[in-house]
Amino acid sequence: MEYRRLGKSGLQISALSLGSWLTFGGQIDDSTADALMSMSYDAGINFFDNAESYQGGKSELVMGKILKSKPWSRSSYIVSSKIFFGSEDGKPNQKGLSRKHLFEATHKSLISLQLDYIDLLFCHRPDKSVPIEETVWAMHNLIQQGKCLYWGTSEWSAAEIMEARNICELHHLIKPIMEQPHYNMFVRNKIENEFLHLFQHKGMGTTIWSPLASGLLSGKYSQGMPEGTRLSDETLAWLKESTVNEDRLLKTQKLQIIANDLHLSLPVLALSWCLKNPNVSTVILGATKVKQLEENLTAIDKYTMLNAEIMEAIDAVLENKPKLPVY
Ligand code: NDP
């Protein structure tokens, strides 16, 4: 395994990590979740990603139970939670980024995960209805209380992150150190354009999500809708709608040819492409089967194969490389 600094923080995070969205407490049974975490840990993965909202809170319960059952030293792994969407139904203060919900959700996550502290705590989305100052102070206070060690954002804009940082500067508060953005071959603008200033001048790290575009970049949807997969699940029709289209399916077929030439599977090519970006601190993997994870883990040994020529060939297929101003 390779370890990268999470931005300019002191924390070393494995370049591949394991997430639990839709899978833990949902698509997979607990013994599969256990097998995935064990395989990850044995491969050197030290970061497990979670959120208050995943499967209405079940994902944290499952992960907590598994962690409790392992002889792993607490100092050998990093666990996250993310707060915004809530895990209970609908009362006004049960979601969002108010001080009240941030405190209550953190306490709930600590109980579910059976941990004394959460390593990485994310504000899962920006909350336009709450002053950023309130959120920033609450995150700072949670760190000071020892409930979490580092804080960050997920799917915030560069402007929102800068506002949070400026408030921290003004009041000498602990700054957010990481952002969790959507990043894969089809979704590039934030990491490759909008956030460049934050990487180069502010030292932000990133824990990127959906590196295989929910499985589309495994190539398995090229011949139709395979049963039992995430994007064939009717309850996730919204996800299929925003993920699958003709253009992407065509590009996936062209990427498969590049992968074949390199004797790589398409998911390994797609994950390697994410790992190749030095502004990615960790690629969060998702899997429903041990076999998928086994395959995906090999990307760590393959990504250096992707030289400039291959990256250009990939760009020629994708036609979505952000255009930056030339100085
Ligand atoms: P991916 O885009 O990699 O999708 C993972 C899914 O693709 C798997 O569950 C599996 O689904 C399929 N798959 C994975 N590997 C293979 C393979 N080798 N061959 C065929 N199919 C494969 O990642 P996720 O969307 O799961 O995101 C990863 C993590 O990121 C999440 O678990 C979560 O922790 C985090 N996340 C964060 C978000 C945020 O807002 N901050 C949003 C979304 C995710 P199946 O078998 O069902 O087809």
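One-based numbering, in listed order, for ligands and for the atoms of each.
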Enquirer: Within the 4.0 Å heavy-atom shell around Thr229, which atoms of ligand 1 are there?
Expert: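 In order of number, 47 (O), 48 (O).
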Enquirer: Compute whether any side-chain donor of one residue and acceptor of the other, for Lys175 and His140, lie under 3.5 angstrom apart.
Expert: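 No donor-acceptor contact under 3.5 Å links the two side chains.
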Enquirer: With under 30° as parallel and over 60° as perpendicular, where do the rings of Tyr41 and Tyr77 fit, or are they tilted in between?
Expert: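 Taking Tyr77 first and then Tyr41, their aromatic rings stand perpendicular (interplane angle over 60°).
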Enquirer: For atom 4 (O) of ligand 1, what's the nearest protein heavy atom and its distance?
Expert: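 For atom 4 (O) of ligand 1, the nearest protein heavy atom is Ser214 CA, 3.5 Å.
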Enquirer: Could you go step by step and tell me if Glu227 and Ser232 meet the side chain to side chain donor-acceptor pair (under 3.5 Å) rule?
Expert: CA-CA 6 Å; Glu227 270 179 35; Ser232 69; over 6 Å; no
Enquirer: Within the 4.0 Å heavy-atom shell around Ser218, which atoms of ligand 1 are there?
Expert: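 Counting from 1, the qualifying ligand atoms are 19 (N), 20 (C), 21 (N).
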Enquirer: Can you check whether Thr23 has an N/O within less than 3.5 Å of an N/O in ligand 1?
Expert: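 The answer is no, given that Thr23 and ligand 1 share no N or O pair closer than 3.5 Å.
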Enquirer: Ignoring hydrogens, just give me the one of Leu297, Asn296, Thr288, Leu217 whose non-hydrogen atom is nearest atom 46 (O) of ligand 1.
Expert: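 It is Thr288 whose heavy atom sits nearest to atom 46 (O) of ligand 1.
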Enquirer: Any idea which of Glu155, Gln292, Gln180 brings a heavy atom closest to atom 13 (N) of ligand 1?
Expert: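 Minimum heavy-atom distance to atom 13 (N) of ligand 1 goes to Gln292.
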Enquirer: Any chance you could lay out the side chain to side chain donor-acceptor pair (under 3.5 Å) test for Asn296 and Gln292, step after step, and finish with the verdict?
Expert: CA-CA 6 Å; Asn296 297 349; Gln292 291 174 350; 5.7 Å; no
Enquirer: Evaluating non-hydrogen atoms only, which member of Phe47, Tyr221, Trp209, Phe84 is closest to atom 39 (C) of ligand 1?
Expert: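 The option holding the nearest heavy atom is Trp209.
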Enquirer: For atom 29 (C) of ligand 1, what's the nearest protein heavy atom and its distance?
Expert: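 Nearest protein contact, heavy atoms only, for atom 29 (C) of ligand 1 is Ile284 CG2, 3.5 Å.
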Enquirer: Any side-chain heavy-atom pair from Tyr150 and Ser9 closer than 4.5 angstrom?
Expert: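 They are in side-chain contact.
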Enquirer: On a heavy-atom basis, I'd like to know which of Lys291, Arg230, Glu295 is closest to atom 9 (O) of ligand 1.
Expert: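 The residue whose heavy atom sits nearest atom 9 (O) of ligand 1 is Arg230.
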Enquirer: Taking the side chain as everything from C-beta on, heavy atoms only, tell me whether Ser80 gets closer than 4.5 Å to Thr207.
Expert: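 The answer is no; the side chains never approach within 4.5 Å.
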Enquirer: If we set the cut-off at 4.0 Å for heavy atoms, which region of His124 has an atom near ligand 1: side chain, backbone, both, or neither?
Expert: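 Side chain only.
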Enquirer: Does any N/O atom on Ala213 come nearer than 3.5 Å to any N/O atom on ligand 1?
Expert: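 Ala213 vs ligand 1: N/O contact under 3.5 Å present.
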Enquirer: Considering residues, nucleotides and ligands other than Lys240, do more than 12 of their heavy atoms fall under 6.0 Å from its NZ?
Expert: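 For Lys240, atom NZ is not crowded (no more than 12 foreign heavy atoms under 6.0 Å).
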Enquirer: Count the heavy atoms of every other residue, nucleotide or ligand shown that sit under 6.0 Å from CG of Asn307, and state whether that count exceeds 12.
Expert: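 For Asn307, atom CG is crowded (more than 12 foreign heavy atoms under 6.0 Å).
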Enquirer: Taking distance alone, with no angle check, do Trp21 and ligand 1 share an N/O pair under 3.5 Å?
Expert: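 There is such a contact, yes.
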Enquirer: Tell me which protein heavy atom sits closest to atom 48 (O) of ligand 1, plus the residue, atom name and distance to 0.1 Å.
Expert: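 For this ligand atom, the closest protein heavy atom is Lys220 NZ, 2.6 Å.
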Enquirer: Taking the six-membered ring where the residue is Trp, are the ring centres of Tyr183 and Trp209 under 6.0 Å apart?
Expert: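 Between Trp209 and Tyr183, which both carry aromatic rings, the centre distance is not below 6.0 Å.
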Enquirer: Does the N or O separation between Asn50 and ligand 1 drop below 3.5 Å for any pair?
Expert: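 Between Asn50 and ligand 1, no N or O pair is found under 3.5 Å apart.
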Enquirer: Which ligand 1 atoms does Pro267 reach within 4.0 Å, using its non-hydrogen atoms?
Expert: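 Answer for ligand 1: 18 (N).
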Enquirer: So which bit of Ala287 gets within less than 4.0 Å of ligand 1, heavy atoms only: side chain, backbone, both or neither?
Expert: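 The backbone, only.
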Enquirer: Does Arg5 make a cation-pi contact with Phe47, if we ask for NZ or CZ under 6.0 Å from the ring centre and within 45° of the axis?
Expert: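 Because its charged atom misses either the 6.0 Å distance or the 45° angle limit, Arg5 does not stack over Phe47.
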Enquirer: Would you call Phe122 a ligand 1 contact, heavy-atom distance under 4.0 Å?
Expert: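 Phe122 does not count as a contact of ligand 1 under the 4.0 Å cut-off.
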Enquirer: Using a strict threshold of under 4.0 Å (side-chain N to carboxylate O), is an ion pair present between Asp119 and Arg74?
Expert: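 So Arg74 pairs with Asp119 through a salt bridge.
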Enquirer: Please list the nearest protein heavy atom to atom 1 (P) of ligand 1 with its residue and the distance rounded to 0.1 Å.
Expert: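 The closest one turns out to be Leu212 N, 3.7 Å.
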Enquirer: Would you say the side chain of His197 lies within less than 4.5 Å of the side chain of Lys202, judging by non-hydrogen atoms?
Expert: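 Side-chain contact under 4.5 Å: yes.
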Enquirer: Please list the nearest protein heavy atom to atom 34 (O) of ligand 1 with its residue and the distance rounded to 0.1 Å.
Expert: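 Answer for atom 34 (O) of ligand 1: Asp49 OD2, 2.6 Å.
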Enquirer: Is Lys302 atom NZ crowded by more than 12 heavy atoms from other residues, nucleotides or ligands, each under 6.0 Å away?
Expert: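 Not buried by this count: 12 neighbours or fewer within 6.0 Å.
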Enquirer: Does Leu293 approach ligand 1 within less than 4.0 angstrom via side chain, backbone, both or neither, non-hydrogen atoms only?
Expert: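 Leu293 to ligand 1: no contact under 4.0 Å from either part.
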Enquirer: With a 4.0 Å heavy-atom cut-off (strictly under), which part of Ser20 contacts ligand 1: side chain, backbone, both or neither?
Expert: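 Only the backbone of Ser20 comes within reach of ligand 1.
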Enquirer: Taking NZ in Lys70 as the centre, count heavy atoms belonging to other residues, nucleotides or ligands within less than 6.0 Å. Is the count above 12?
Expert: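 Enclosed.
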Enquirer: Would you mind listing which atoms of ligand 1 come within a distance below 4.0 Å of any non-hydrogen atom of Ser154?
Expert: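 Those qualifying, in numeric order: 39 (C), 40 (O), 41 (N).
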Enquirer: Given Gly286, Ser210, Ser232, identify the one with the heavy atom nearest to atom 27 (O) of ligand 1.
Expert: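 When every heavy atom of Gly286, Ser210, Ser232 is considered, Ser210 comes closest to atom 27 (O) of ligand 1.
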Enquirer: Return yes or no for this condition: an N or O of Gly228 is under 3.5 Å from an N or O of ligand 1.
Expert: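 Among all N and O atoms of Gly228, none is under 3.5 Å from an N or O of ligand 1.
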Enquirer: Hey, mind stepping through Gln145 and Tyr117 against side chain to side chain donor-acceptor pair (under 3.5 Å) and telling me if it holds?
Expert: CA-CA 10 Å; Gln145 292 175 356; Tyr117 58 89; over 6 Å; no
Enquirer: Select the closest option to atom 40 (O) of ligand 1 among Lys82, His182, Gln27, Arg125, judged by heavy-atom distance.
Expert: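 When every heavy atom of Lys82, His182, Gln27, Arg125 is considered, Arg125 comes closest to atom 40 (O) of ligand 1.
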